[in-house]
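Here's the structure we're looking at; comments come further down.
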Amino acid sequence: MLTAIGISPLTCSTNTNTALNTANTANLNTAQVETGTDTATGDSAKNTGDSKATGTGKDSKSTTKKTHGPTHTTFGANDPAGSVAILTPKTTAQPTPLYKIGDFVTFGWNYTGLQGTPTAIDVLVSCSEVTETWTLTQNMSFATKVSYVWDTNKDGDVAHKPLGVQLYTLVIKDSDAAISDRADPGYLDTFSGLQFGLYTPQPYTPLSDWKCVGCNAGSNHSGTQAVGFALTMSIITIATFTWFVAGLGLH
């Protein structure tokens, strides 16, 4: 529990949609990831926008239509949208990871069910308790497997919107889509399935200066009561044993 390490409890609501739709998004990173701070690496993937999907049955067919923008392939109406599979952190071991503000945090993921390649990827974190969203990176080059390192100290120092002791949601989406957009079949849907906590540690206090909060007269009184109870039970035990021995005539 957070209170065990001197941290205020996480109070952020898990209602991510409220924060995502009402937050004022601040771009705290540029399209080019800075060396030594926020970095992302991954395996490159070719754009498959002009390719045709193959399969059996009517619904697995795809067609390509020309629009005013880039070529957009239409996949089967019953095909699911693409999604994100988180690799780091391991949520099976810790469903809600906890990180210290000021540390580097690594998020790793790949994609499942993706047929149409996004032109680029946006990565954000959101907190519905304060109705804010922080943009970690925009227009990140698409890769089939990604390892992204977030410098929480950088975003934590923003004066008008610092990171606090709250519960946050990781958001990964297609750069060409809004957070609230619903993806077409085969294309990347907005991911918001990872929640994590951030905390600020208390400063170090030497043992000689440390005082136990709650270790007061009330605690001493409780200790006195415990000693008294133990003494009373000892007397009762001795008296009962004496009566038992006397009753059996064993003395």
Side-chain angles (χ1 to χ4, degrees), residues 10-31 33 38 40 42 45 47-49 62 65 67-87 91 95-97 105 107-144 146 148 150 152 155 158 160-164 166-198:
L10 301 178
T11 60
C12 199
S13 168
T14 57
N15 184 4
T16 305
N17 291 332
T18 303
L20 298 181
N21 293 327
T22 60
N24 295 321
T25 302
N27 182 4
L28 302 180
N29 198 355
T30 61
V33 178
D38 293 354
N47 191 324
T48 58
S62 64
K65 60 182 181 181
T67 63
H68 294 293
T71 300
H72 182 85
T73 301
T74 301
F75 300 100
N78 292 334
D79 290 353
S83 60
V84 170
I86 295 296
L87 304 176
T91 54
T96 306
V105 178
F107 297 117
W109 69 88
N110 58 16
Y111 303 92
T112 60
L114 196 62
Q115 301 182 65
T117 303
T119 55
I121 297 295
D122 293 346
V123 182
L124 312 90
V125 292
S126 174
C127 178
S128 60
E129 180 67 18
V130 294
T131 60
E132 291 287 2
T133 300
W134 291 258
T135 301
L136 307 188
T137 185
Q138 285 183 312
N139 298 317
M140 182 175 69
S141 299
F142 175 77
T144 56
V146 181
Y148 182 85
W150 175 32
T152 61
D155 292 340
V158 178
H160 69 283
K161 197 168 60 173
L163 297 170
Q166 302 286 0
L167 191 65
Y168 295 82
T169 300
L170 178 68
V171 179
I172 302 171
K173 71 177 189 68
D174 189 326
S175 296
D176 290 341
I179 290 177
S180 58
D181 286 351
R182 185 173 181 176
D184 292 337
Y187 287 90
L188 181 63
D189 206 1
T190 298
F191 171 82
S192 58
L194 175 65
Q195 290 189 326
F196 60 93
L198 292 179

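In what follows, residues are counted from 1 in the order of the sequence shown. Bear in mind the structure is a predicted one, so any value in this text is a computation, not a measurement.
- Of the possible donor and acceptor atoms, one in the side chain of Ser175 sits under 3.5 Å from a partner among the backbone N and O of Ile121.
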Next item on the list: Start with the C-alpha gap between Asn110 and Thr144, add the side-chain angles, then the distance that decides, and say whether side-chain contact (heavy atoms from CB on, under 4.5 Å) holds.
Entry: CA-CA 6 Å; Asn110 58 16; Thr144 56; over 6 Å; no
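- Taking all atoms of both residues into account, the shortest heavy-atom contact from Ala178 to Thr190 is O-OG1, 3.9 Å.
- Thr169 OG1 to Leu194 CG: the interatomic distance, rounded to the nearest 0.5 Å, is 8.0 Å.
- With rounding to the nearest 0.5 angstrom, the OH atom of Tyr111 is 5.5 Å from the CH2 atom of Trp109.
- For the pair Gly186 and Phe75, the tightest heavy-atom approach, listed with the atom from each and the gap, is CA-CD1, 4.1 Å.
- Looking at Val125 and Trp150, their side chains come closer than 4.5 Å, going by heavy atoms from C-beta outward.
- Once rounded to the nearest 0.5 Å, the distance linking OG1 of Thr119 with CG of Asp176 reads 3.5 Å.
- Of all non-hydrogen atoms in Gly76 and Pro185, the two that sit nearest each other are O-CB, 3.3 Å.
- Between Tyr148 and Thr137 there is a side-chain heavy-atom pair separated by less than 4.5 Å.
- The minimum heavy-atom distance between Ile172 and Leu170, with the atom names listed, is CD1-CD2, 4.0 Å.
- Not counting sequence neighbours, Asp181 has no partner by the side chain to side chain donor-acceptor pair (under 3.5 Å) test.
- Within the 4.5 Å cutoff, no side-chain heavy atoms of Val123 are placed close to those of Val171.
- Looking at every heavy atom in both residues, Thr133 comes nearest to Ser126 through OG1-OG, 3.6 Å.
- Interatomic distance, CG of Asp184 versus OG1 of Thr73, reported as 11.0 Å (0.5 Å rounding).
- With ring centers used as reference points, Tyr168 lies under 6.0 Å from Trp134.
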Notebook entry, point to check: Stepwise, does the side-chain contact (heavy atoms from CB on, under 4.5 Å) test hold for Leu167 with Glu129?
Noted result: CA-CA 8 Å; Leu167 191 65; Glu129 180 67 18; over 6 Å; no
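- Looking at heavy atoms from C-beta onward, Phe191 lies in side-chain contact with Ile86 at the 4.5 angstrom threshold.
- Checked by atom type, the side-chain pair Asp189/Ser83 shows no donor-acceptor distance below 3.5 Å.
- Not one N or O on the side chain of Asp155 forms a donor-acceptor pair closer than 3.5 Å with the backbone of Thr152.
- The CG atom of Leu124 lies 5.5 Å from the CD1 atom of Ile179; values are rounded to the nearest 0.5 Å.
- Among residue pairs with one or both ends in residues 109-128, those qualifying as salt bridge (Lys or Arg N to Asp or Glu O under 4.0 Å) are Asp122-Lys173; sequence neighbours excluded.
- One distance of note links CD of Gln195 with OG of Ser128; it measures 8.0 Å at 0.5 Å rounding.
- Gln166 has its side chain out of reach of Leu198: every pair of non-hydrogen atoms, C-beta onward, lies at least 4.5 Å apart.
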